Amino acid sequence: MKVIVCSDSHGAFAAAEQLLEQQPKAAAVIFLGDGAEEWGDLHEIYPEIPFYPVRGNCDWGSDWPGERIVELGGHRIFCTHGHLYGVKTAGTALLEKRAAEENCDIVLYGHTHVPRIDYIAGRYYLNPGSLRQPAEGHPGYIELNLDGKNTVPIRVEI
C-alpha cells in the first residue's frame with residue numbers, strides 16, 4: 001500500500017496537484033497541515049483518494065482535527081502538524097511519549113519544514129518537509145510504502 005505524506009504547502013496549489021498527478025496509484029493521502037485551503041479544494045477534485053488531514057498552526061478556521069490516528073496497511077499511525085508538541089524547539093520528545101501512549105508504530109509530523117526519516121525505539125518518525133518553503137533541501141513529500149510489518153519511507157523531491 002502506497003500512502004502519500006505531505007505538509008506545509010502554504011498556498012502552493014500547483015505543487016500539491018503535481019504531487020497527486022505523480023502518484024495516481026496512491027491508496028491514501030495524509031496531509032499534516034498548513035495548507036487547508038488548497039488541500040480542501042484538491043480533495044473535492046480527487047474525491048476517490050482517501051484523505052486524512054490534520055490542522056496546522058496556519059490553518060485558521062479549519063475544522064480539521066489537530067491530531068488523528070489512522071490505521072493503514074497493518075500500521076497504527078499518529079498524525080499531527082507538530083506545533084502542539086513543540087517540534088521546532090523540543091524535537092520529537094513529546095511525540096515519542098504520545099506515540100507510546102497511543103501504541104502507534106509510525107509518527108507523522110510537519111511544521112519544521114525540514115524533512116526527516118528517523119527510527120527511534122521501534123517507531124518511525126517522519127517529517128516530509130515542505131511542499132513550498134523547505135528550510136533545507138528541495139520541496140517534497142514522503143511516499144510511505146506499507147506492507148504488513150514492513151515500512152519503507154521514501155522522500156520524493158518535486
Side-chain angles (χ1 to χ4, degrees), residues 1-12 15-16 19-20 23 26-40 42-43 49-60 62-146 150-158:
M1 164 182 279
K2 184 188 298 186
V3 177
I4 302 307
V5 181
C6 53
S7 186
D8 296 283
S9 51
H10 292 283
L19 178 163
L20 293 177
Q23 298 287 351
V29 171
I30 297 175
F31 180 67
L32 301 172
D34 283 359
E37 186 174 327
E38 62 268 18
W39 280 97
L42 284 165
H43 183 57
I49 302 172
F51 181 58
Y52 303 96
V54 294
R55 180 182 66 250
N57 61 301
C58 294
D59 291 327
W60 306 288
S62 171
D63 62 355
W64 292 345
E67 61 185 45
R68 72 177 344 145
I69 294 172
V70 179
E71 296 195 19
L72 294 169
H75 296 270
R76 190 166 164 84
I77 306 168
F78 182 78
C79 310
T80 187
H81 182 62
H83 65 295
L84 301 174
Y85 291 88
V87 297
K88 278 190 181 179
T89 56
T92 59
L94 292 175
L95 285 178
E96 292 172 36
K97 181 179 178 188
R98 182 74 168 149
E101 290 170 355
E102 294 293 344
N103 196 31
C104 294
D105 60 321
I106 300 172
V107 179
L108 306 176
Y109 67 101
H111 190 53
T112 66
H113 293 223
V114 177
R116 301 283 312 205
I117 296 177
D118 296 309
Y119 190 74
I120 304 167
R123 290 183 180 84
Y124 278 97
Y125 293 82
L126 307 175
N127 185 326
S130 173
L131 283 176
R132 181 175 183 181
Q133 304 163 325
E136 293 179 8
H138 299 281
Y141 59 93
I142 288 179
E143 177 184 305
L144 183 58
N145 297 287
L146 304 173
N150 298 317
T151 302
V152 180
I154 301 168
R155 175 80 178 7
V156 180
E157 293 182 352
I158 56 172

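A quick note: this is a predicted structure, and the numbers were derived from the prediction, not measured.
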Quiz item: Do V3 and V70 come within less than 4.5 Å of each other through their side chains, counting heavy atoms only?
Solution: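 No. Closest side-chain heavy atoms not under 4.5 Å.
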Do you know the tightest heavy-atom contact between [X] and [Y]?
X: V114; Y: A135; result: CG2-CB, 3.7 Å
X: T80; Y: G66; result: OG1-O, 3.2 Å
X: P139; Y: P134; result: N-CG, 3.6 Å
X: S7; Y: G110; result: OG-CA, 3.5 Å
X: Y141; Y: I4; result: CD1-CG2, 3.8 Å

Practice problem: Could you tell me whether Q23 atom CD has more than 12 heavy atoms of other residues or ligands within 6.0 Å of it? | Solution: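 Buried by this count: over 12 neighbours within 6.0 Å.
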Quiz item: Are there more than 12 heavy atoms of other residues, nucleotides or ligands under 6.0 Å from atom CZ of R98?
Solution: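 It does: R98 CZ has more than 12 such atoms within range.
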Quiz item: Parallel, tilted or perpendicular for H43 and F51, by the 30°/60° rule?
Solution: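 Taking F51 first and then H43, their aromatic rings lie parallel (interplane angle under 30°).
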Donor-acceptor pair, [X] side chain versus [Y] backbone, under 3.5 Å?
X: D34; Y: N57; value: yes
X: R116; Y: Y125; value: no
X: E38; Y: G11; value: yes
X: R76; Y: I69; value: no

Practice problem: Run through H111, H113, R132 and flag the one making a side-chain hydrogen bond (donor to acceptor under 3.5 Å, both in side chains) with D8. | Solution: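 Result for side-chain hydrogen bond (donor to acceptor under 3.5 Å, both in side chains) with D8: H113.
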Practice problem: Decide side-chain contact (heavy atoms from CB on, under 4.5 Å) for W39 and V29; before the verdict, give the C-alpha distance in whole Å, the side-chain angles of both, and the deciding distance to 0.1 Å. | Solution: CA-CA 10 Å; W39 280 97; V29 171; 3.8 Å; yes
Self-check item: salt_bridge(E96, R123) N-O dist < 4.0 Å
Solution: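 No, no charged N to carboxylate O under 4.0 Å.
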Quiz item: Roughly how far apart are C6 SG and L20 CG, rounded to 0.5 Å?
Solution: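 So the SG of C6 and the CG of L20 are separated by 7.5 Å.
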Exercise. With rounding to the nearest 0.5 Å, note down the distance linking CD in E143 to CD1 in I154.
Key: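 Rounded to the nearest 0.5 Å, the CD-CD1 separation comes to 4.5 Å.
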